[in-house]
Amino acid sequence: MSHPVVVRFAPSPTGPLHIGGVRTCLYNYLFARQHGGKLLFRIEDTDSQRFVPGAEEYILESFKWLGIQFDEGVSFGGDHGPYRQSERRDIYKKYVQVLLDAGKAYYAFDNKAELEAARQATPNFQYDASTRGQMRNSLSLGLDKAKELIAAGEPYVVRFLIEPGEDVIVNDLIRGEVKINSTILDDKVLYKSADELPTYHLANIVDDHLMEVTHVIRGEEWLPSSPLHVLLYRAFGWEAPQFAHLPLLLAPEGNGKLSKRDGDKYGFPVFPLEWTIRDKETGEATGTYSGYREEGYLPEAVINFLALLGWNPGNDQDIMTMDEMIKLFDLSHCSKNGAHFDIKRLLWFNHHYLQECDEKILCEALKQQVVAHGADPKSDAYVETVVKLMKERINLPKELWEQCNFFFAAPTEYAEKSMKKWWKAEAPQYVSELCDFMEAQDDWNGETLEPKVMEWIAGKGYKTGAVMNAFRCTLVGEARGPQIFAITDLLGKEESLRRARVAVERLG
Ligand code: GLU
């Protein structure tokens, strides 16, 4: 019988989590939920050189923000812990010994200089069946000699003994059968005595086995490691999990991977949350990488966008809740080809979810922007009305001020382009007369005012566009904004007429 589905997200804490890693975790999450399985969170921190403080916390906070929950792992607990690889040294030592005892791994003593000399002497040198006999290891020196060296304190590594000439097949749920010949593989280092730690490969497969992982869903960059992993499973006599290697996330243009630098280049974040860059030695902050959260993207938008970067539900549905994605997700509908990162599409999703989100978020953002610009937000109700009226025009909350500033501050200048088009010789007269007419009306409510104004314009034989656009320019500073009577409603009689008359006086 098949085992219950167990998947894992296993980042190395080497810095902020790249958006590609977020997608990998999302796909694992969707897969786990769909199958009623479990998602584990493991920290792969065996490379102490690359450890970055704060990275683990950052990753956890990112998923909390995004609404992706883990069932087991670092900070969540569970029956398969510890889930931090640096806390599992003894476990790995034991399994390295198992391979050594079975003759499937061996000790090697070659130092840097010796390895370099071998590389110099043999073009395309690879530590394998064809060369290991000439190197310093327990196969060439004999086990007794090797043990002597170890007892005398000589540093060593343990290498995996790869038999050449064997076909290795990786069954990939996205790519199908990936076949390579073991001859192209080298005797990978599995363990280093110097830091008493295993390398990524050994720790990764030992943990996947002990944690009962059934499916390894990870980025394409790990595909080249998979044949080796298949051989390791075989060497231990363990069943290998199912593999699925996700397509690369590509830069907006060209065939390159989406990198940190692309974010700067194209002006969008490539990290979920803002990250403070620190000097490795002093810990001093030297800069920041921007994050989706701080830039005003909604988690729902980021998730929906990422879900469709490399997968599609088989129809053209693009807006999906997490629950819908869980139902529809299918690894066999993942593409083999890299997916181009398209920020416009993410903005489109963000626009959609902003229309549905709790308006308080937008009201708070607008209020802050108004105050930051030295203007008066008037009242919560006023801000809320502006938000209701204007939110369909924005993709990000930070665009609110730009779209709504005239509701809080009278124009101080008038846009040249709009003036050219609408502030013709008759404009001052139109606006003055319109002001007089409007002033005489008792009911300022747009709904009653609009038909009266239209009737007045028609009676005068004026052109509606010419009058109303000139008037709009006096209120807004340019020919943009929502329906004009929505603006006069909000500004009120006194302020609307004041702005119009000031403009007539200034612009003549
Ligand atoms: N620690 C690896 C990473 O940082 C895990 C790769 C895997 O999922 O096997 O992505």
Side-chain angles (χ1 to χ4, degrees), residues 5-32 37-52 54-60 62-63 68 70 72-74 80 82-88 91-92 95 170-175 178 188-190 197-233 236 238 240-249 257-260 270-272 275 306 310 331 334:
V5 163
V6 178
V7 292
R8 83 302 194 266
F9 184 61
S12 301
T14 55
L17 178 66
H18 186 272
I19 199 73
V22 175
R23 186 197 57 174
T24 298
C25 189
L26 171 65
Y27 284 18
N28 275 284
Y29 175 76
L30 296 176
F31 189 79
K38 278 196 293 193
L39 171 61
L40 268 59
F41 181 60
R42 183 169 79 220
I43 286 287
E44 302 209 325
D45 57 350
T46 53
D47 187 349
S48 54
Q49 297 291 309
R50 298 181 61 221
F51 177 82
V52 172
E56 184 183 303
E57 294 75 6
Y58 174 97
I59 295 169
L60 284 166
S62 299
F63 289 119
I68 291 179
F70 295 93
E72 251 185 56
V74 174
H80 301 85
Y83 295 91
R84 232 180 246 112
Q85 289 189 330
S86 57
E87 294 163 19
R88 298 171 64 81
I91 299 173
Y92 306 128
Y95 284 101
V170 180
N171 260 315
D172 189 292
L173 292 170
I174 297 172
R175 280 148 223 276
V178 181
K188 273 273 172 314
V189 173
L190 302 178
L197 275 172
T199 56
Y200 155 73
H201 303 290
L202 184 96
N204 187 269
I205 78 121
V206 165
D207 285 351
D208 281 345
H209 174 71
L210 295 179
M211 295 176 187
E212 301 178 76
V213 169
T214 57
H215 295 75
V216 167
I217 304 170
R218 61 184 171 193
E220 183 180 317
E221 61 274 29
W222 301 100
L223 183 59
S225 303
S226 295
L228 170 71
H229 293 190
V230 167
L231 287 176
L232 277 167
Y233 280 106
F236 280 115
W238 297 336
Q242 282 280 348
F243 289 97
H245 289 90
L246 304 174
L248 283 178
L249 282 196
K257 257 172 78 170
L258 179 71
S259 72
K260 277 196 268 238
V270 293
F271 297 109
W275 170 263
L306 282 180
L331 280 173
C334 285

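We count ligands from 1, going down the list as the structure has it; atoms in each ligand are counted the same way. What's counted below: heavy atoms across the whole structure, side chains too, no hydrogens, waters or symmetry copies. This is a predicted model, so every value here is computed, not measured.
Scanning all protein heavy atoms for the shortest distance to atom 8 (O) of ligand 1 gives Arg8 NH1, 2.7 Å. Closest to atom 10 (O) of ligand 1 among all protein heavy atoms lies Trp222 CZ2, 3.3 Å. Among protein heavy atoms, atom 2 (C) of ligand 1 sits closest to Ala10 O, 3.3 Å.
Residue contact check: Asn204 has heavy atoms under 4.0 Å from atoms 7 (C), 9 (O) of ligand 1. Per-residue contacts place Glu44 under 4.0 angstrom from the following atoms of ligand 1 (heavy atoms of the residue considered): 1 (N), 2 (C), 5 (C).
Classification of Lys38 and Glu212 as a salt-bridged pair fails, no side-chain N sitting under 4.0 Å from a carboxylate O. A salt bridge does not link Asp45 to Arg84: none of the charged nitrogens lies less than 4.0 Å from a carboxylate oxygen.
For Glu221, the heavy-atom gap to ligand 1 stays at 4.0 angstrom or more.
Contact annotation for Phe9 and ligand 1: no heavy atom of the residue comes within less than 4.0 Å of the ligand. Contacts of Thr24 with ligand 1, taken as heavy-atom pairs under 4.0 Å, are absent altogether.
Of the inter-residue distances, the one linking Tyr29 atom OH with Ile217 atom CD1 reads 14.0 Å to the nearest 0.5 angstrom. Distance check, rounded to the nearest 0.5 Å: CG of Leu232 to NZ of Lys188 gives 10.5 Å.
None of Phe271, Trp275, Phe63 except one satisfies the ring pair (Phe, Tyr, Trp, His ring centres under 6.0 Å) rule with Tyr58; the exception is Trp275.
Side-chain atoms of Phe243 and Arg175, non-hydrogen and from C-beta on, never get closer than 4.5 Å to each other. At least one side-chain heavy atom of Asn204 sits less than 4.5 Å from a side-chain heavy atom of Arg8.
The shortest N or O to N or O distance between Pro11 and ligand 1 is not below 3.5 Å.
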